[in-house]
Every structure is written in C-alpha cells, then in structure tokens.
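Each remark here refers to the structure printed beneath this line.
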2 protein chains.
Amino acid sequence: MPEGKPLTAWAPPDGREVFHTNCPARQVIDHITNRWGIWVLLGLRERPLRFFEVRDRIEGISEKMLSQTLRTLVADRLVWRKVESTVPPQVTYGLTEFGEGAADHLGGMFDWIRGNAAVFTEACESERQTD
Amino acid sequence: MPEGKPLTAWAPPDGREVFHTNCPARQVIDHITNRWGIWVLLGLRERPLRFFEVRDRIEGISEKMLSQTLRTLVADRLVWRKVESTVPPQVTYGLTEFGEGAADHLGGMFDWIRGNAAVFTEACESERQTD
DNA sequence: CAGTATCCTGGGGGATACTG
DNA sequence: CAGTATCCCCCAGGATACTG
C-alpha cells in the first residue's frame, strides 16, 4: 500500500458494488476466511485464551496452522498477543477492538446459520438423491 | 447426515464453545468462506443477477470457479437459480431467504471492516518494517 | 449467453521432529 | 508450554478449449 489511496473510493459510487482484488477490506476478509481465521476469531470471543486452549476449541486445526493463522491475525490487528516470560512461558491471545467487531459479525452469522441448520440438512438429503 | 443428530447439541452446553468438524453450521460456513462464496453472496445482495453480471462484480474470479461456487451455494439453499429457456438462454441467480440472512451478516462485517480500513493500512505499514 | 471438460501448477496445509 | 523447521502431498483453482 505504498501510495495512500483514498479508501472511501472502494465504496460503491452508483450502488453497483464491485469487489476489487486490492480493496483493503477484501484482503482482510480473505485473511479471515483463509480456512482457519474465522474459527480462531470465534474461539477467542468468550475470553482471551492460551495457545493450546485455542487449539482445543477448534477441531481439526494443526499447531502449524494455528500458529500461522494467529500471526496473520495479529499482523492484521484483529488479535493481540501477550507473552508472560515465566517458566513455562505463557502466551495469551485475545481480540482487539477491531477483532471484536469482526468476530461479532461472524458470530452473528454463525449463530444464525446454526439456527437454520434444518435448511442445510434438507439440502444434504436432496443432494443424496441427485448423486 | 444419515442419523438425525440433534442439531441443538452443537450449542455450547457450558459456555465453552467448541467448533466441531461435523457441525452443520461449520460446514455451511466452510462453503461460504471457500475463497469465493462470500463474494458471490455479497454480489447478489443488491438484486438477482445473471451469470456474467456476477462475474463482472467480482474481480479475479474465473468462470469455472464462479460456476462451481454457485452450484455449491444453490445446493446449500443459500442461492436460487432460474433458467429462462430463451435463445440465448438467460440464467438468473438470487439470494434465498436463508442466503439473505447470511449475506446480511457478511455485508455488515464487510462494511464495518471497510470503515476500519485505516487499522489495516497501519498494520501493512508496520509489517513493511519487520520484513 | 452460460456454462462444461481437460490439463496442469502452486501453495495450502498435514505429519513429524526439533527447540527455548 | 508454545511454538519453529522440514518435508511433502494433494487439490483448489487458473488457463484454455469446447458445447448447447
């Protein structure tokens, strides 16, 4: 982002929304939706967590991916990281104000989809027919 | 989804949220966040669109990926598809009620992130330092 | 116009082993 | 405990060509 592009330029001028590859918001969302980002953000909603606590809340995530995802989210200012230099070391991750806002939206969507799970289940059944 | 699992079981029993791989909501979200899903849903928010209209609103998407993504979203009951057997054929895609709900949450997040783009821009700058 | 079919490559991401 | 380092595989997804 060398030249300071006017960020408001990404708003739709005539109501016709176009999603450009270099829209900063698209880039952030691409990070969030990079397979694990959303689950890490949702996992941190309740309270800050330590590394393995996060891992234990997200079935299927590897330590490598968790570490990598956390680093990206920290770089994006969605998550903060606090190191306690005790022995053994304690590292805590939590949502920044920015991250909380994002997580609230994601959480709202998640809860809503979960509430409509029946729709998805129906879809699964009818897919079995066409297979 | 052969045996009818109680979907409410996925709600956190003790407030400790865990995201299981076979949680239906997680599966739907994994579809949505499958690189292009979110952008297709957001692109359809304003009004139903034809195939190439959708493509033109999402920079960087290939026709193959658009077609594939649309099929998944239709199967998940997030998007409907209407075929007009004219010559040339007209195919229109739009959000179902289910899809609208999901898109509203995604749109809220997108707008909110866009409004906070400055946070991300700062993050980019400080990353340049550490590189 | 609205797609499929085919081929092919990059990097997302898993497994395992190692470190402060 | 909280990670890195390394190796390696697989498939998401791009490019191109073809079809109803």
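Residue numbers start from 1 in every chain, and the chains themselves are labelled A, B, ... in the order their sequence lines are given, proteins ahead of strands. What you see below is based on every heavy atom in this structure, not just the backbone, and it leaves out hydrogens, waters and symmetry mates.
The shortest side-chain heavy-atom distance between A/Asp56 and A/Glu53 does not fall under the 4.5 Å cut-off. Taking the side chain as every heavy atom from C-beta outward, B/Phe51 and B/Glu63 approach each other to under 4.5 Å.
Applying the salt bridge (charged side-chain N to carboxylate O under 4.0 Å, His left out) test to residues at least two apart or on different chains, the pairs with a partner in residues 28-43 of chain B are B/Arg26-B/Asp30. For residues 81-98 of chain A, no residue pair satisfies the salt bridge (charged side-chain N to carboxylate O under 4.0 Å, His left out) rule, not counting sequence neighbours. Screening residues 100-112 of chain B for side-chain hydrogen bond (donor to acceptor under 3.5 Å, both in side chains), with sequence neighbours left out, gives B/Arg45-B/Asp104, B/Asp111-B/Arg114.
A donor-acceptor distance shorter than 3.5 angstrom exists from the side chain of B/Thr96 to the backbone of B/Leu78, with no hydrogens or angles considered.
Pairing analysis of DNA chain D (Watson-Crick: purine N1 to pyrimidine N3 plus N6-O4 or O6-N4; G-U wobble: N1-O2 and O6-N3; both under 3.5 Å) yields stems of 3 or more pairs at C:1-20 with D:1-20.
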Subject >> CA sep, side-chain torsions, deciding dist, call: A/Leu95, A/Leu41, side chain to side chain contact (heavy atoms under 4.5 Å, CB included) >> reply: CA-CA 7 Å; A/Leu95 297 177; A/Leu41 288 176; 3.6 Å; yes
**OP:** Mind running ring pair (Phe, Tyr, Trp, His ring centres under 6.0 Å) on A/Phe110 and A/Trp39 for me, showing each step along the way?
**Re:** CA-CA 10 Å; A/Phe110 181 69; A/Trp39 306 111; 5.7 Å; yes
Polar-atom pairs under 3.5 Å, protein N or O versus N or O of nucleotides 11-13 of chain D: list them with distances, or write none.
residue: D/dG13; atom: N7; partner: B/Lys64; partner atom: NZ; Å: 3.1

Just the table, please: protein N/O against nucleotides 17-20 of chain D N/O, every pair under 3.5 Å.
none

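Comparing C/dA2, D/dT4, C/dT4 against the side chain of A/Arg71 picks out D/dT4 as the nearest. Which of D/dA2, C/dT4, D/dT4 sits closest to the side chain of A/Ser67 comes down to D/dT4.
Taken to the nearest 0.5 Å, the OG1 atom of B/Thr33 stands 9.5 Å off from the CG atom of A/Leu106.
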